[in-house]
Amino acid sequence: MRFQEIIERSLTRALESAGFPEGEVKMILEKPRLKEHGDICTPIALSLAKVLKRNPLEIAELIARAASFPDDMVASVEIAKPGYINLKLAHAALVRNLRDVDKYGDDYGSSDIGGGRKCQVEYVSANPTGPLVVVSARAAAVGSVIVNLLRNVGFDAEGEYYVNDYGNQIEALGKSLRFRVRERLGLLESEEEIGAYPAGYVTELAAGISAEQAARWDERDGESCTSYGSYATEAILRTIEEDLEFFGVRFDNFFRESCLHPALVAEALKIVEDKGFAYTREGAVHFETTRFGDEKDRVLVKSDGNPTYFLGDIAYHLTKLRRGYEWVIDLLGPDHHGHIPRMKAAASVLGAHERWFEALVVGWVRLMEGKKPISMSKRAGEFITMRELIEDVGTDVAKYFFLMRRTNSPLDFDLQLARKQSDENPVFYVQYAHARIASVTRFAEEKGAVRDRKDTDLSVLSAAEERELMVHLMFYPYVVEGAALSREPHRLTSYAKELATLFHQFYHKHRIVTDDAQLSSARLTLAVATMQVLRNTLCLLGVDAPKSM
RNA sequence: GCCCCCGUAGCUCAGUCAGGAUAGAGCAGCGGUUUCCUAAACCGCGUGUCGGACGUUCGAGUCGUCUCGGGGGCACCA
């Protein structure tokens, strides 16, 4: 059982025996900002004071007196100013945790609170009409970490990429490709237009198509350009997959929109109609999403008889429901946040429970060269791709930058800063702590210093820096759990940075490998535990944990 | 016009979901630390209208209303 649970239970019992109503207020454990306030605090008495209209300090006093914590868990209980109850962890608990880190290793911090429930995170899902751009890189970083986090706390989580390989845009892409092919072959007629995708990568694709091939496609498809379209889509999709691989992001599945047509799309439509949420106006079938709080009703079938993207998306989510996911998370691009209400409406009509569908919006990424924003225009074909970004700054740096901030907040990505292989670059700070410990263990080995797992007397770790480091290690499972349950990867980067700081401070003040075999062994145990937790954190972030730098 | 996101230190951001203890980091700037396990490190130096106003509260960066500024969305496109 986690220490938080033990403490929560003790506090709940204390509330009971002191005669305070249980469940009236939520049990909250916090990490105090100031060291003097102990390791854990709870404002429970303050919350109760509000409900009971009594003096919070008195309540805190009564709870503190009624509470009995295990001696090997809590060393002291204090009440403070407005009504806080501050707890100090027992050294025995910190030591026990150190042994747990050693024992569980890569699994330290994982849990089973997900209960094996099957869930899915859909992310990136960029249209296969061009290379991935920078905002997709951010989505890739964030989405993959959310999958890692959910798995780590016991969910059966999968990552999926929805491939929109169907519809107008594919046809438009085909037209642009045909233009480039005919351009190369000198077959262009004066009135032909380049179409929606003038960028250079289409020209490159055109180079791989022979005159014979083009002639066959033209004969078969005429103006629809479907063969050009599917050729381009497949080629682009392959580079997308390669680029994601290069970025170290792996999907469990690429789901193609084309396989939804026409059967599942028809089925989805029928469900909306059968449930009475569809009507026809001006020849188009509408979905009354306004009944679920959307701004306006949305078209499902256009008056030309073709399904909209939205209907396809409903069919797609129908498959998610049928594939047995107990909940699904969609990472949406910043320009798609307006789709959330209609998707919630759709999920509801499909019969999903209230919280089945969750949308997370990934914020904008603005690339900066120092203070200057880099202007990008997708139409003009001027943009920096994900590939170019990670070739420029490296995958670890790119990922870390994307994961340092809250998912939905806009991000200025400073290329100048990211390129620097120096202390200005936060990812190296954390990696350096890991490499430094690895180096110390090598040194210890040379000197014959041993980290004896069983017999080491860890009670000698009594310095302030040692204690703080141990406390922080103890909080790791709590941080992972919080990051997973709130879908906030940036908590991991914050945690890693703090842990690195605490280690560097400890390292600076105390020599690890000395003539004192007992002390060396104890400090090595602490250092190695820190390395393990740094590695676990970096692993969740998908960032390398180097043994030397 | 309606809706969503953002507005916290010179810069980039945590903290807002669960209201509480003197609002925190990093970077930039200035000064210091190495006979000793990696100085990609450590230590010291911060007078912030938490965009603004009003409200709820014993208590508001956090909740509510209004407002200002920045971005985005409001297609029978995907």
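To find a chain, count down the sequence lines: A is the first, B the second, and so on, and within it residues start at 1.
Within 4.0 Å of H336(A), counting heavy atoms only, lies at least one base atom of the nucleic acid. Residue Y507(A) is in base contact, counting any heavy-atom pair closer than 4.0 Å across all strands shown. H510(A) comes within 4.0 angstrom of a base, heavy atoms only. Residue-level contact check: A435(A) touches the bases, meaning some heavy atom is under 4.0 Å from a base atom.
For A21(B), the base is stacked against the aromatic ring of Y84(A), per a cut-off of 5.5 Å between centres and 30° between planes. With centres under 5.5 Å and a plane angle under 30°, the ring of H37(A) is stacked against the base of A21(B).
Counting only residues at least two apart or in different chains, salt bridge (Lys or Arg N to Asp or Glu O under 4.0 Å) contacts with residues 485-508 of chain A comprise E358(A)-R487(A), E488(A)-R491(A).
If you look at Y84(A) and H37(A), their ring centroids are not closer than 6.0 Å.
With C1' as the reference atom, U16(B) and C42(B) are 33 Å apart, rounded to whole Å. Rounded to whole Å, the C1' atom of C76(B) lies 43 Å from the corresponding atom of U62(B). With both ends at atom C1', the span from A21(B) to G29(B) equals 32 Å, rounded to whole Å. With P as the reference atom, A78(B) and G70(B) are 33 Å apart, rounded to whole Å.
Partners of E295(A) by salt bridge (charged side-chain N to carboxylate O under 4.0 Å, His left out), not counting sequence neighbours: none found. Legend: residues meeting ring-ring contact (aromatic ring centres under 6.0 Å, His included) with H434(A), ordered by chain and number and at least two apart, are absent. Taking the ring-ring contact (aromatic ring centres under 6.0 Å, His included) definition, one finds that Y495(A) meets it with H472(A), Y476(A), sequence neighbours left out. Contacts of D335(A) classified as salt bridge (charged side-chain N to carboxylate O under 4.0 Å, His left out), with partners at least two apart in sequence or in another chain: none. In this structure F254(A) satisfies the ring-ring contact (aromatic ring centres under 6.0 Å, His included) test together with Y161(A), F251(A), sequence neighbours excluded. Qualifying salt bridge (charged side-chain N to carboxylate O under 4.0 Å, His left out) partners for D297(A), counting only residues two or more places apart in sequence or in other chains: none. The ring-ring contact (aromatic ring centres under 6.0 Å, His included) check on F401(A) picks up F413(A), with sequence neighbours excluded. K88(A) is linked by a salt bridge (charged side-chain N to carboxylate O under 4.0 Å, His left out) to nothing, counting only residues two or more places apart in sequence or in another chain.
Regarding E78(A), its CD atom lies at a distance of 13 Å from the C1' atom of A21(B), rounded to whole Å. When the P atom of A25(B) is taken as reference, atom NZ of K31(A) falls 13 Å away, rounded to whole Å. Rounded to whole angstrom, the span from the NZ atom of K509(A) across to the P atom of U33(B) amounts to 18 Å. Taking atom CZ of R281(A) as the reference point, atom P of C76(B) lies 9 Å away to the nearest angstrom. To the nearest angstrom, C1' of A25(B) lies 16 Å from CZ of R491(A).
Comparing C76(B), C36(B), A39(B) by their nearest atom to the side chain of R436(A) picks out A39(B). Between C37(B), C76(B), A21(B), one nucleotide has an atom nearer to the side chain of N86(A) than all others, and that is A21(B). Closest contact between the side chain of P32(A) and the listed nucleotides A21(B), C43(B), A78(B) involves A21(B). Considering only side-chain atoms of K296(A), the nucleotide from C76(B), C42(B), C37(B) that sits closest is C76(B).
Going from atom CZ of F292(A) over to atom CZ of F277(A) covers 3.5 Å, rounded to the nearest 0.5 Å.
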For nucleotides 9-13 of chain B, list the nitrogen or oxygen atoms of the protein found under 3.5 Å from its nitrogen or oxygen atoms, one pair per line.
| residue | atom | partner | partner atom | Å |
| --- | --- | --- | --- | --- |
| U12(B) | O2' | R405(A) | NE | 3.4 |
| U12(B) | O2' | R405(A) | NH2 | 2.3 |
| C13(B) | OP1 | P410(A) | O | 3.4 |
| C13(B) | O5' | R405(A) | NE | 3.2 |

Could you pull out the protein-nucleic contacts involving nucleotides 57-63 of chain B (nitrogen or oxygen on both sides, under 3.5 Å)?
| residue | atom | partner | partner atom | Å |
| --- | --- | --- | --- | --- |
| G59(B) | O6 | K50(A) | NZ | 2.7 |

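The nearest heavy atom of RNA chain B to R342(A) and to R442(A) marks one nucleotide each, and the one closer to the 5' end goes with R442(A).
Using cut-offs of 30° and 60° for the angle between ring planes, the F475(A) and Y478(A) rings count as perpendicular.
Of the residues in residues 494-501 of chain A, K497(A) come within less than 4.0 Å of RNA chain B through at least one heavy atom, sorted by number.
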